[in-house]
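Written out below as structure tokens is the structure these notes cover.
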Number of protein chains: 2
Amino acid sequence: MKKEIDTQKDKSTEEKIKKAAEKIFLERGFSASRTRDIADEAGINLALLNYYFRSKKNLYNIIMMEKLDVFFNIIIEELKDNAVDLNQKMSELINKYTDLLIKEPRLPLFIMSEIQQNPDFFTKRMNIKMKVREALGNKPIIYSKSQEDDLQLLLSLLGVTIFPFIIRHSIQGLFNMTTDQYNELLYKRREMIPKLMNELYNQLNADK
Amino acid sequence: MKKEIDTQKDKSTEEKIKKAAEKIFLERGFSASRTRDIADEAGINLALLNYYFRSKKNLYNIIMMEKLDVFFNIIIEELKDNAVDLNQKMSELINKYTDLLIKEPRLPLFIMSEIQQNPDFFTKRMNIKMKVREALGNKPIIYSKSQEDDLQLLLSLLGVTIFPFIIRHSIQGLFNMTTDQYNELLYKRREMIPKLMNELYNQLNADK
DNA sequence: GTCTATAGCGAGATAGAC
DNA sequence: GTCTATCTCGCTATAGAC
């Protein structure tokens with residue numbers, strides 16, 4: 001009953017199921033998703049889903065792992081390479097997240113919801129945590145004054161960059177905006193945010 | 001089978017169920033919540049839940065409406081009263097959200113998830129939209145240059161204020177921080193953010 | 001109003017033919 | 001590998017006694 005890995009032609013069906021699961025899970029979350037709907041979306045039969053992935057939960061975990069990687073690797077890339085100019089790093093991070101979230105608008109809520117409901121996720125099964133430590137040069141992460149400022153900067157940067165995607169529907173609804181209008185707003189933020197964050201950086205250093 | 005409104009002693013049980021539902025729904029969302037768990041949490045029998053609230057969905061809607069009100073009324077208060085100083089308004093908004101979200105950390109994800117899955121929510125059943133129009137002085141909301149800047153400012157402010165609460169578990173997990181350490185960080189942001197946002201405001205006006 | 005017992009159904013998973 | 005049919009269980013909702 002276990003899946004054979006090295007046959008070469010079954011990849012197409014497996015991939016169809018994964019793509020369908022990605023769509024459904026991201027739209028509705030785990031509990032509200034129905035395996036029948038995933039099968040329909042994939043254009044295959046429900047039994048095949050269990051044939052390839054054994055269970056709904058297992059399929060979900062696979063999708064979740066991939067999405068966590070996509071989402072957090074952007075931050076990890078940001079954290080390493082201390083040589084690079086701070087402004088350049090921030091611009092890169094903003095551009096990467098903007099591009100990603102225009103394509104996959106539901107990603108942040110999907111990931112944040114999962115982690116909120118399962119806060120031990122990193123501790124138990126993630127290699128992402130290891131990657132972060134690695135990116136920080138294997139120094140033990142101590143809550144020192146300087147690192148605190150770094151973290152405040154990172155939180156602000158992520159907030160101004162990602163949150164507008166999270167609250168998108170509320171704002172569009174409240175202010176009667178079309179998706180195109182809102183996207184225009186989001187793209188303009190790419191220029192705006194680095195200047196803003198640079199100011200924050202100076203401000204934090206001036207406080208000392 | 002309908003609930004009698006004007007009896008005076010039944011309020012206790014009804015309130016117990018509502019409080020329990022609030023807890024469970026906010027923790028798990030609608031689909032992952034079990035009415036049995038809500039009943040257990042309330043210390044009453046499952047049948048009573050349906051006696052008082054008819055259905056799970058109805059109970060959920062009641063909780064959701066209240067939470068939407070709590071969450072968005074802070075923004076609405078911010079939008080009206082144009083006479084008040086901008087810095088003061090921003091500080092108030094930051095303090096209100098920080099106080100609220102320290103008490104109810106799961107509120108933003110709960111609301112954002114619901115609206116993402118049901119974007120027509122405002123259009124169909126909300127009086128919040130009306131309140132926003134009212135707060136803006138009954139002017140039709142047109143996507144003009146000046147209002148665009150206002151909106152960028154609002155999005156940034158909400159982002160730096162609320163997002164750190166949303167990403168809390170990820171950051172605590174990644175950086176091995178305790179809840180107390182993270183809360184300390186959050187409180188410090190109350191001072192930091194108004195200065196930052198003021199800079200953004202100047203920046204936007206200088207661009208013209 | 002509050003309880004026990006249960007109806008009824010929706011959904012995940014599997015058996016087994018092809 | 002892929003399908004149809006079905007098993008089984010968990011969950012919402014209700015019937016009915018007290």
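Letters A, B, ... mirror the listed sequences (proteins, then strands); counts begin at 1.
Following rounding to the nearest Å, B:D40 (CG) and C:dC3 (P) show an atom-to-atom distance of 12 Å. Note: CG (A:N45) to P (C:dT14) measures 15 Å, nearest angstrom. Counting to the nearest Å, the C1' atom of D:dC9 and the CZ atom of B:R34 are 12 Å from each other. When the P atom of D:dG10 is taken as reference, atom NZ of A:K57 falls 17 Å away, rounded to whole Å. Summarising the geometry, the separation between CG on A:L46 and C1' on C:dT14 is reported as 10 Å, rounded to the nearest angstrom. Across the protein-nucleic acid pair, A:I38 atom CD1 and C:dA11 atom P stand 12 Å apart, rounded to whole Å. What separates CZ of B:F53 from P of C:dG1 is a distance of 12 Å, to the nearest Å. Atom pair B:L48:CG and D:dA15:P shows a separation of 16 Å (rounding to whole Å applied).
Of all nucleotides listed (C:dT2, C:dA13, D:dA13), D:dA13 comes nearest to the side chain of B:K56. With distances taken from any side-chain atom of A:A47 to the nucleotides C:dC3, C:dT14, D:dT2, the minimum falls on C:dT14. Here the side chain of A:Y51 is nearest to one of C:dA11, D:dC3, D:dG1, namely D:dG1.
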Take A:R189 and B:Q152, measure what side-chain hydrogen bond (donor to acceptor under 3.5 Å, both in side chains) needs, and give me the verdict at the end. CA-CA 8 Å; A:R189 295 180 70 78; B:Q152 293 283 21; 2.6 Å; yes

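Between B:Y97 and B:L158 the shortest side-chain heavy-atom distance falls below 4.5 Å.
For the pair B:Y52 and C:dT2, the criterion of a side-chain N or O lying under 4.0 Å from OP1 or OP2 is met. In this structure, B:T13 does not reach the C:dG1 phosphate: none of its side-chain N or O atoms is under 4.0 Å from OP1 or OP2. OP1 or OP2 of C:dG12 has not a single side-chain nitrogen or oxygen of A:N50 nearer than 4.0 Å. Between A:T35 and C:dG12, a side-chain N or O to OP1/OP2 separation shorter than 4.0 Å is present.
Across all strands, A:S33 comes closer than 4.0 Å only to sugar-phosphate atoms, never to a base (heavy-atom distances).
Screening B:R28, B:K16, B:K19, B:K23 against B:E41 for a salt bridge (Lys or Arg N to Asp or Glu O under 4.0 Å) leaves a single residue, B:K23.
Between A:F25 and A:Y60, the ring centre distance stays below 6.0 Å.
With hydrogens and angles ignored, a donor-acceptor pair under 3.5 angstrom links the side chain of A:R36 to the base of C:dG12.
Not a single salt bridge (Lys or Arg N to Asp or Glu O under 4.0 Å) links B:K96 to another residue, sequence neighbours left out.
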